[in-house]
Amino acid sequence: MKYHFNDIEAKWQKYWAEKGTFHASNDSDKPKYYVLDMFPYPSGAGLHVGHPLGYIASDVYARYKRLKGFNVLHPQGYDSFGLPAEQYAIQTGQHPATTTKVNIEGGVDNQGNVIAGYRNQLDKIGFSFDWSREVRTSDPNYYKWTQWIFTELFNSWYNKDTDKAESIDTLVSAFAKAGNTSTNAVCDDDTPTFTADEWNGYSDKEQQEILLKYRLTYLAETEVNWCPALGTVLANDEIVNGVSERGGHTVVRKKMTQWSMRISAYAERLIQGLEGIDWSESIKETQRNWIGKSVGASVSFKVKPDVTSSAVETSPVIDVFTTRPDTIFGVSFMTLAPELDLVHEITTPEQKEAVEAYIESTSKRSERERMADVKTISGVFTGAYAEHPFTKEPIPIWIGDYVLAGYGTGAVMAVPCGDQRDYDFAKKFDIPIPNVFEGVDISEEAFSDKATTVIANSDFLNGLKYKKAVKLAIYELEKIGAGTGKTNYRLRDAVFSRQRYWGEPFPVYYVDGMPQMIDTKHLPIELPEIEKYLPTEDGEPPLGRADVWSWDTKTNTVVSNDLCHPEPVEGQEHNGVYPLELNTMPGWAGSSWYFFRYMEKAQRDRVFASKEALDYWGNVDLYIGGSEHGTGHLLYSRFWVKFLYDRGFVGVDEPFQKMINQGMILGTSAFVYRLSAVSISNKDFIHATNIFVTKSEFDRITKEKDFNNKKYIDLSKKSMKDNGIDEKEISKIVGYVFSNIHADVSLINASDELDIEAFKKWRPEFKDAEFILEDGVYKVGREVEKMSKSKYNVVNPDQICEQYGADTLRMYEMFLGPLEQAKPWNTAGITGVHNFLKKLWKLYHSSPSAPKGGTANVDGENAFYVSDEPTSKESLKTLHKTIKKVEEDIENFSFNTSVSTFMIAGNELAAQKCTSREILEPLLILLSPYAPHIAEELWSKLGHTESISEASFPIFDASHLVESTKNYPISFNGKMKFTLELPLDYSKDQIEEVVMAHEKTKMYLDGRTPKKVIIVPGKIVNIVG
RNA sequence: GCUCGAGUGGUGGAAUUGGUAGACACGUUGGACUUAAAAUCCAAUGUCCAUUAGGACGUACGGGUUCAAGUCCCGUCUCGAGUACCA
């Protein structure tokens, strides 16, 4: 019987699907375990071997947990809203819903491209997903609940006293009773204070405007990151190095009215929550940095109308945030961000021109330029002075672009002796640098070491250390009403509007400019049909093109825009039809709660997830995915879960208890080296020939700088002549270069040799390619890069499954190296794993008459055979050693080493000629999480009628590993020289006696007497001297 | 700049608490089988010296602690990831 993996794998995949083997139950006596992968965006390019890495790891773990007696939930779905489908729609007119469906289910799109489909590709790898619980974020039945959560956020505020979100109703009744002075709520900075009487006297619209300042999702005019090329705003985490993460387009700051999420209300809890979850320290640190908590004080400085007068009550106040209130007496100037409106207010007439010019020049510089150019110090004096809260001395107010409008209040109190940026600024503009530190030299640079700080020249703070000085400074500031202790967070509220089509529509319509929520019982509000997926001519989002996109408050339906009259006609009753919101939600909306949706199966149209399901499954026990979502998805979902928890909709306040971040699988790109002629007289003229040199020749030429070789000049000239290039141009050729061109990795064999014929056929431009070979072959250059279609280094899992089988793919991906580490894919090594599976197959296929492990061509064809005879001690030892190691490895997510362990076990059992059921049956259970198909096949051949996933993980029995002797390494001065087999129950003295009497010992000592003999029984002997 | 992580044969990697460095696999070399190839099997394979026996060196580099260091400590270099004028 040969190992026909293709047949076996197809058979068992069908079996699992038909029997629903991996469908989880919400009602079980077993303990629950929830294993989740970050769900994929189904792109048209399909899967490459890098994508399934995390899925294979989670699948091994999920299958292992089932064998360990857990009721395992291991679902999968699609994050199916997103940009690529929309871009594709803009190019081809194909509806994003169609693109998405084809990308998931396979088929042919309207451009004639054959798409394999994510689902088909995933199925071939043999995952134990419970597909009966699939979710797609673009499915109206799903996004109905995304809209519902949005509505709940709108109807909530954050109470700092109870430290949780509450229904907006409790806030409204508090306002009606006592105004807003006694509530302690998270709200906008510009929220006015009012009494109960004032509140009750406000019009409905005025009340709504005030409530917007409290709601957890709110509409506000905010400065956003606008990407003109994409025609949309981007969240901070969608911008990388000042350009859009997707496409690398320029991003500019722009003011727009947008939906925002008041995630800042949760800043502290998002930091605190990290303590209780089992995530890698690095990703926790990333989140802490992103939230950016700093503790210090807010200090108010009154602006003096001019330097001679003292500050008056009506003069403006500049609030600053500082982490170093202890250095308050070191303040010698203040700096404001140039963007602040206040700058215009305080600038003196004499300085007006200089200030405006500076504002003008900084606004022209892009964020990126400003970031790149941190060395240049620039700024302008406003002419205005503030008053020091304690000394009452005048402090000059400057503006400078090193102060960012977006952090804190956009203003700093500059303490040049304690902050290097302030120091550099002061040096540049000749501002005094008072020293407030005892015994510290600040003539060269600022001194910022808090640990050794002792304050001086600071009135009541003199002689105090950092901590005490901070406390006292805040106390004194509070006493005179000039400041207060404050904690500042870098985390900004998240912009939640996108000017796109392919996203969740908001369940919002506008009456008199005020947003109104559509009652949740009328959800979902489905995306309207539009003709083109582009913004409108007057710059509205794509939904502005929809004809049927107005809300009829009488029928509670979406109706034609023709019925919509936003301006009421005098004397007529309004018809109750209002315009709907034109923005859609961002990509992270649907992914912030999908893990709850999987828990529910039966009542999905009634609830987002039923209480029973939520209570039963709790949170995700193990989450596997990439670490690139550290500040996006992983922060937003924590925020939403905490909100849902506060409002009593779910019972957990962290979504992912344990997380493992798998490393990226890199591609091994292949390069061919193409000869190009260069004309020195005319540097623009480079002629690319169709001649390619092999890697060794390329290396030689590069190393020896051999760029005048007549052979290559002649070849270049000949190529140009053949291409009909003018003789005059040809005569100008004086040199040549080689350009590296990516060759498709499928054209290269394991020894880096190029399949020349296939290469010529690969792309028409290489039809007539000529090759300069070495030893009769063309060798390519290799380089490890990110796996990507454009680099032609993509390896497709379907091909691997076809050629070696899914079990081989699964084991090889695990064998590649530690899960969390980035590692290059190299198909060459896959044969090692494949050979192992073939050898394993053989262990179960040997007739008694033809023993295995012998010579070629015989035993591969033997019939299935397993004996019921008792097994040998050695085989039991091999088995139990394997059980122990594999169990430990899976628990530690060290999957690569357990593949090695299987190989060792296979080699040992083959050497032992083991045919015993007692060994081979449990071995299959151990292997089944990694190579489920072959395990199922052999399991059924052993006579089982149930799936191997119903079996129990073998119990490790240490008694089989007990040894009576130990092969002691005998070292001299720490260097191992020989080994000696000794009984394990020997005492130190007995060991020493035998070792010292040994002739090799005598030989190595060569007559010397050892100073010391170290003996660790069961471990080592070390002779010193 | 700061934070975190890493650096081990030709290659991917192993060594979980300081105790035989290089497991397992790839690749390479040699051999068996075969008309031949593939497949399969056997053997060798860290580097250097030595015919052998054996010896020296060896976990980025330089120090240190220890009977013993890839592992612990100090310093340096390189690479990767995150983050950045955060007051």
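Every chain is numbered from 1 and lettered A, B, ... according to where its sequence line falls, protein lines coming before strand lines. In what follows, every heavy atom counts, from backbone to side chain, and hydrogens, waters and symmetry copies are set aside.
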Base, sugar-phosphate, or nothing: which does [X] touch, judged by heavy atoms less than 4.0 Å apart?
X: A:N488; result: nothing
X: A:T322; result: sugar-phosphate
X: A:N967; result: base
X: A:T831; result: sugar-phosphate
X: A:F815; result: base
X: A:N661; result: nothing

Atom-to-atom span, [atom1] of [X] to [atom2] of [N] - whole angstrom:
X: A:K839; N: B:C41; atom1: NZ; atom2: C1'; result: 10 Å
X: A:N892; N: B:A15; atom1: CG; atom2: P; result: 10 Å
X: A:L819; N: B:G12; atom1: CG; atom2: P; result: 18 Å
X: A:N835; N: B:C24; atom1: CG; atom2: P; result: 15 Å
X: A:K1000; N: B:A53; atom1: NZ; atom2: C1'; result: 11 Å

Donor-acceptor pair between [X] and [Y] side chains, under 3.5 angstrom:
X: A:D319; Y: A:S300; result: yes
X: A:Y986; Y: A:T965; result: no
X: A:Y402; Y: A:T335; result: yes

(Q) With a 3.5 Å cut-off and heavy atoms only, can you find an N or O donor on one side and an acceptor on the other between the side chain of A:K885 and the base of B:U16? (A)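 Answer yes: a donor N or O sits under 3.5 Å from an acceptor.
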Q. Do you know the tightest heavy-atom contact between A:I1015 and A:V1021?
A. CG1-CG1, 4.2 Å
Counting just side-chain N and O atoms, does [X] come under 4.0 Å of either OP1 or OP2 of [N]?
X: A:R421; N: B:C86; value: yes
X: A:Q821; N: B:G12; value: no
X: A:N1022; N: B:G19; value: no
X: A:R288; N: B:C4; value: no
X: A:K823; N: B:G12; value: no
X: A:K977; N: B:A56; value: yes
X: A:K838; N: B:U40; value: yes

Residue [X], side-chain atoms from C-beta onward, closest of [options]:
X: A:M903; options: B:C24, B:U40, B:C85; value: B:C24
X: A:Y407; options: B:C85, B:C86, B:U16; value: B:C86
X: A:D889; options: B:U20, B:U16, B:A14; value: B:U16
X: A:W290; options: B:U83, B:C24, B:A21; value: B:U83
X: A:V1024; options: B:C24, B:A15, B:C67; value: B:C67
X: A:L404; options: B:U83, B:A23, B:C86; value: B:C86

Take atom [atom1] in [N] and the same atom in [M], then report the distance between them in whole Å.
N: B:U20; M: B:U59; atom1: C1'; value: 16 Å
N: B:A21; M: B:C57; atom1: P; value: 13 Å
N: B:U8; M: B:G58; atom1: C1'; value: 10 Å
N: B:U52; M: B:G7; atom1: P; value: 35 Å
N: B:U71; M: B:A15; atom1: P; value: 15 Å
N: B:U16; M: B:G22; atom1: P; value: 13 Å
N: B:U11; M: B:C4; atom1: P; value: 30 Å
N: B:U51; M: B:G55; atom1: C1'; value: 15 Å

Should the pair [X]-[Y] be classified as a salt bridge under the 4.0 Å nitrogen-to-oxygen rule?
X: A:K885; Y: A:D889; value: yes
X: A:E268; Y: A:K293; value: yes
X: A:E281; Y: A:R288; value: yes

(Q) Strictly by Watson-Crick or wobble contacts shorter than 3.5 Å, is anything paired with B:U76, and which nucleotide is it? (A) B:A60
